[in-house]
Amino acid sequence: MPDRALDGIRVVEFADETAAYCGRLLADLGAEVIKVEPPGGGRLRHARPFVKGHEGDPNASLAFWVHNTSKKSVVLDLETDEGRALARRLALTADIVLEDNPVGFLAERGLGYETLRAEKPTIVYTSVTGFGQDGPHAGWAYSDIVGQAMGGIMTLAGEPADPPNMIYGRQADISASIQAAQGTLMALLHAEATGEGQLVDVSAQEALSMAQETAMQTWDFQKRNRVRTGELGMLPIPLPATGVAKCTDGYVSLYILAPAGKDLPALVDWMREKGLQGPLDDEPYRTIVNQLNMAWLTQLMSNPAAAADVLPHIPVITKTILDFFATMSAREAYEEGQQRQLLIGIVSTPKDIAENTQLRARDWFVRIESPLGGTVEFPGPPYRLSETPAVIARPPRLGEHTDAILAQLR
């Protein structure tokens, strides 16, 4: 096996939900990540869904598997003197300590950054919390939904008539973990070059800032809050060939009016070949279709008189296009549309992802051991490194490596 990017690096992880994915990214790249878990396991060990037939088994949580591949597991009780002493000795063998506990939790147990760096100045200590290590909110309670709310993305998600929406998945935790991995690797490079470790302080609220795209800048420069636009997007009308279209077996997402790929006339050519162009060869639809793109629409919306002549005809164009896509499967619409350089994508279900020809052709899915025995298919790494590849190994069973790791400390 080729060397991996982080071979020889030891990480001791005191993390559960918020920073576990950071540890996984480091572990899949070759770092020895030793996950210190409480007796019985943390919250992710008990999070649904479980492997069918193994409900409640701390080694069968799919949520735990996804965030903890390639790690080792050591069980220590940090509420006992012995557990704290062993955890401290273990942490001092590490190049990196990763944690996501409430501010001050590990410091109160002799495992804080200042305590450890006094004995090991090279240590990189990454703390991932909801709001960071200081400031008036530093000690406030945090979970992923709080991160999404306080990070500003819930107010932008969903339809305008809806209340703010939570985005599926642990997006605040994942964003914080990704930023933590980046910060950790930069600090590790600095430590290797200078012998000086440092604290990497990651706030989930801050990590979500890029997910808001231009929302903060809109307030800064225009003093206007961006709001939920839902399927309509920035223009307050349904647009032809933009948004979700129903097919015979699912949905596709259309963005043909965007400045990418072929424009709307190319779609109408395809419809014409099928005899499904409807009234779009007739006036005024032909003229509108030939100039209809996002730039033209944006200009049109600034000219109320011109818009009044055009907008009443948009619903007919939209319906004709939706009727066209309703005659074919999502895969047919996607593959034929892409061959015609039209911006179309399948609204993929998990089954679609598992059967995706592109992912299969690239061998993205990998087979790993299951903690329950046998092998399972697993999504691959989020990047490809040609010389130091990431390699995914199974997640650990609870406490699987306790005896072996602690024997090294005695």
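Numbers here are sequence positions counted from 1.
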Verdict with reasoning, R340 to K262, per side chain to side chain contact (heavy atoms under 4.5 Å, CB included): CA-CA 8 Å; R340 294 170 180 268; K262 293 290 183 67; over 6 Å; no

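A donor-acceptor contact shorter than 3.5 Å is absent between the side chain of Q171 and the backbone of Q148. Judged by distance alone, with hydrogens and angles left aside, the side-chain atoms of T242 form a donor-acceptor pair with the main-chain N or O of P240 at under 3.5 Å.
The pair R360-E377 counts as a salt bridge, with a side-chain nitrogen and a carboxylate oxygen less than 4.0 angstrom apart. Using a 4.0 Å cut-off between a side-chain N of Lys or Arg and a carboxylate O of Asp or Glu, R272 and D281 qualify as a salt bridge. At a threshold of 4.0 Å, the pair R48-E55 does not count as salt-bridged, since none of the basic side-chain nitrogens sits closer than that to a carboxylate oxygen.
The closest side-chain donor-acceptor pair between E400 and S73, if any, does not fall under 3.5 angstrom. Side-chain atoms of T349 and D352 include a donor-acceptor pair closer than 3.5 Å. At a cut-off of 3.5 Å, with distance as the only test, a side-chain donor of E99 or S127 sits close to an acceptor on the other residue.
A heavy-atom distance below 4.5 Å is not found between the side chains of E332 and D249. Using a 4.5 Å heavy-atom threshold, the side chains of V202 and T129 count as separate.
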Could you give the side-chain donor-acceptor pairs of residues 180-188 under 3.5 Å, partners two or more places apart or in another chain?
{"unit_1": "T184", "atom_1": "OG1", "unit_2": "T126", "atom_2": "OG1", "d": "2.7"}
{"unit_1": "T184", "atom_1": "OG1", "unit_2": "A180", "atom_2": "O", "d": "2.7"}

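For the atom pair R45 CZ and W65 CH2, the distance stands at 11.0 Å (nearest 0.5 Å).
H137 pairs by the side-chain contact (heavy atoms from CB on, under 4.5 Å) definition with F131, W140, M150, not counting sequence neighbours.
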